Amino acid sequence: MVKSVYVLNGPNLNLLGTREPETYGSATLKDVERLCRERAKAHRLDLEFRQSNHEGELIDWIHEAAAKQAAGIVLNAGGYTHTSVAIRDAVAAVNVPVVEVHVSNIFGREHFRHHSHIAGVAKASLCGFGIAGYGLAIDGLAALIARLPSSAGGAGSGRGP
Ligand code: DHK
């Protein structure tokens with residue numbers, strides 16, 4: 001069975017390319033999708049690529065990824081990273097490894113961006129690599145998946161060592 005990875009993008013990421021280009025660069029979300037499809041294909045993974053400006057929809061997709069036994073999730077929750085206990089709880093609730101990604105270096109920006117509700121329940125976090133971070137996150141998940149015994153039902157949250 002081909003394993004799948006979900007790439008979930010939160011609010012305002014549909015505006016990549018025109019949104020504060022000095023912070024987020026000039027690549028569009030379509031460019032991010034293309035990059036993710038390339039990396040997923042290289043690892044023989046199926047890809048679900050989505051964006052929503054709505055918190056509940058992102059939560060539903062995290063649940064869906066778990067229900068469909070996705071091998072991993074790459075999550076850029078946008079501003080919800082810093083505010084959403086509900087998205088943090090969804091990540092904690094599912095047995096799927098989540099890699100948190102941010103295009104910008106959130107620690108070099110405003111103080112309110114320095115805290116991520118998601119980081120503590122994610123397998124790993126990446127920020128500051130621009131859109132390349134998405135590709136790196138898929139590479140990291142692929143390495144994690146490859147380490148699992150092939151008989152393993154799911155990847156587990158991967159939060160342990
Ligand atoms: C994207 C956002 O929309 C911000 O709210 C985060 C993140 C940073 C990013 O860098 O991808 O603070």
Side-chain angles (χ1 to χ4, degrees), residues 2-66 68 70-91 94 96-145 158:
V2 181
K3 296 187 166 135
S4 69
V5 167
Y6 278 57
V7 178
L8 304 180
N9 294 281
N12 303 307
L13 290 163
N14 53 315
L15 300 181
L16 275 181
T18 56
R19 169 193 188 199
E20 301 177 79
E22 62 291 351
T23 300
Y24 296 104
S26 56
T28 65
L29 194 63
K30 261 279 155 225
D31 296 326
V32 177
E33 179 170 0
R34 211 170 293 122
L35 169 72
C36 289
R37 292 209 178 278
E38 267 170 32
R39 292 319 302 148
K41 193 171 170 203
H43 296 294
R44 295 192 169 82
L45 294 165
D46 274 351
L47 188 84
E48 280 294 329
F49 188 93
R50 302 190 189 162
Q51 188 275 331
S52 176
N53 292 322
H54 305 279
E55 187 175 21
E57 191 159 37
L58 291 162
I59 292 168
D60 286 344
W61 289 342
I62 292 167
H63 296 175
E64 177 190 309
K68 297 212 167 147
I73 299 173
V74 175
L75 175 63
N76 184 349
Y80 286 138
T81 304
H82 318 295
T83 63
S84 179
V85 172
I87 291 180
R88 179 248 176 243
D89 286 350
V91 170
V94 298
V96 179
V98 173
V99 179
E100 175 190 27
V101 169
H102 299 289
V103 174
S104 64
N105 177 2
I106 55 174
F107 301 104
R109 300 182 61 196
E110 303 94 322
H111 192 258
F112 66 84
R113 294 186 205 274
H114 296 184
H115 178 73
S116 163
H117 284 295
I118 294 159
V121 289
K123 171 67 185 170
S125 300
L126 274 167
C127 74
F129 284 112
I131 71 163
Y134 284 84
L136 297 171
I138 292 176
D139 291 347
L141 276 174
L144 183 71
I145 294 160

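Quantities reported herein were computed from a predicted structural model and do not represent experimental measurements.
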>> Using side-chain heavy atoms (C-beta onward) and a distance below 4.5 Å, is Tyr80 in contact with Ile118?
In response: no

> When you measure from the side chain of Asp139 to the backbone N and O of Leu136, does any donor-acceptor pair fall under 3.5 Å?
Replying inline: no

> Between Glu33 and Lys30, does a salt bridge (Lys or Arg N to Asp or Glu O under 4.0 Å) hold up when you go through it step by step?
Replying inline: CA-CA 5 Å; Glu33 179 170 0; Lys30 261 279 155 225; 3.1 Å; yes

> Please walk me through it: do Val32 and Phe49 pass side-chain contact (heavy atoms from CB on, under 4.5 Å)?
Replying inline: CA-CA 9 Å; Val32 177; Phe49 188 93; 3.8 Å; yes

>> Quick one, Leu58 and Pro11 - any side-chain contact, counting heavy atoms below 4.5 Å?
In response: yes

>> Side chains of Glu100 and Thr81: any donor to acceptor distance under 3.5 Å?
In response: no

> Where is the tightest heavy-atom contact between His82 and His115, given as atom of each residue plus distance?
Replying inline: ND1-O, 3.0 Å

> Do you know the tightest heavy-atom contact between Leu35 and Gly135?
Replying inline: CD2-N, 4.1 Å

> Between Ile131 and Ala27, which heavy-atom pair has the shortest distance, and what is it?
Replying inline: CD1-CB, 3.7 Å

>> Measuring only between side-chain heavy atoms, which start at C-beta, is Lys68 closer than 4.5 Å to Ser4?
In response: no

> Among Ile87, Val99, Val101, which residue meets the side chain to side chain contact (heavy atoms under 4.5 Å, CB included) test with Leu75?
Replying inline: Ile87

> Given Arg109 and Thr23, is the side-chain contact (heavy atoms from CB on, under 4.5 Å) satisfied, shown in steps?
Replying inline: CA-CA 10 Å; Arg109 300 182 61 196; Thr23 300; 3.5 Å; yes

> Is any side-chain heavy atom of Val85 less than 4.5 Å from a side-chain heavy atom of Asp89?
Replying inline: yes

> What's the verdict on side-chain hydrogen bond (donor to acceptor under 3.5 Å, both in side chains) for Asn9 and Tyr134, showing C-alpha distance, side-chain angles and the deciding distance?
Replying inline: CA-CA 11 Å; Asn9 294 281; Tyr134 284 84; 2.6 Å; yes

> Would a 4.5 Å heavy-atom cut-off, applied to side chains only, mark Leu45 and Ile145 as touching?
Replying inline: yes

> How many angstroms lie between atom CD of Gln51 and atom CG of Asn14, to the nearest 0.5 angstrom?
Replying inline: 4.0 Å

> Could you state the interatomic distance from CG (Leu126) to NE2 (His102), rounded to the nearest 0.5 Å?
Replying inline: 9.5 Å

>> Return the OG1 to CZ distance between Thr28 and Arg34, rounded to the nearest 0.5 Å.
In response: 6.5 Å

> For Asn12, does its backbone N or O pair with a side-chain atom of Asn53 as donor and acceptor, under 3.5 Å?
Replying inline: yes

> If only atom types and distance count, is the side chain of His114 paired as donor or acceptor with the main-chain N or O of Phe107 below 3.5 Å?
Replying inline: yes

> Do the non-hydrogen side-chain atoms of Arg44 and Val2 ever get within less than 4.5 Å of each other?
Replying inline: no

>> Testing the basics here: between Ile62 and Ala90, what is the closest heavy-atom pair and its distance to 0.1 Å?
In response: CG2-O, 3.8 Å

> What are the two closest heavy atoms between Trp61 and Arg50, and how far apart are they?
Replying inline: CD1-NH1, 3.0 Å

>> Quick check: do Val121 and Val98 have side-chain heavy atoms less than 4.5 Å from each other?
In response: no

> Minimum heavy-atom separation for Leu141 to Pro97, with atom names?
Replying inline: CD2-O, 3.9 Å

> Is there side-chain contact between Leu47 and Ile138, with at least one heavy-atom pair below 4.5 Å?
Replying inline: yes

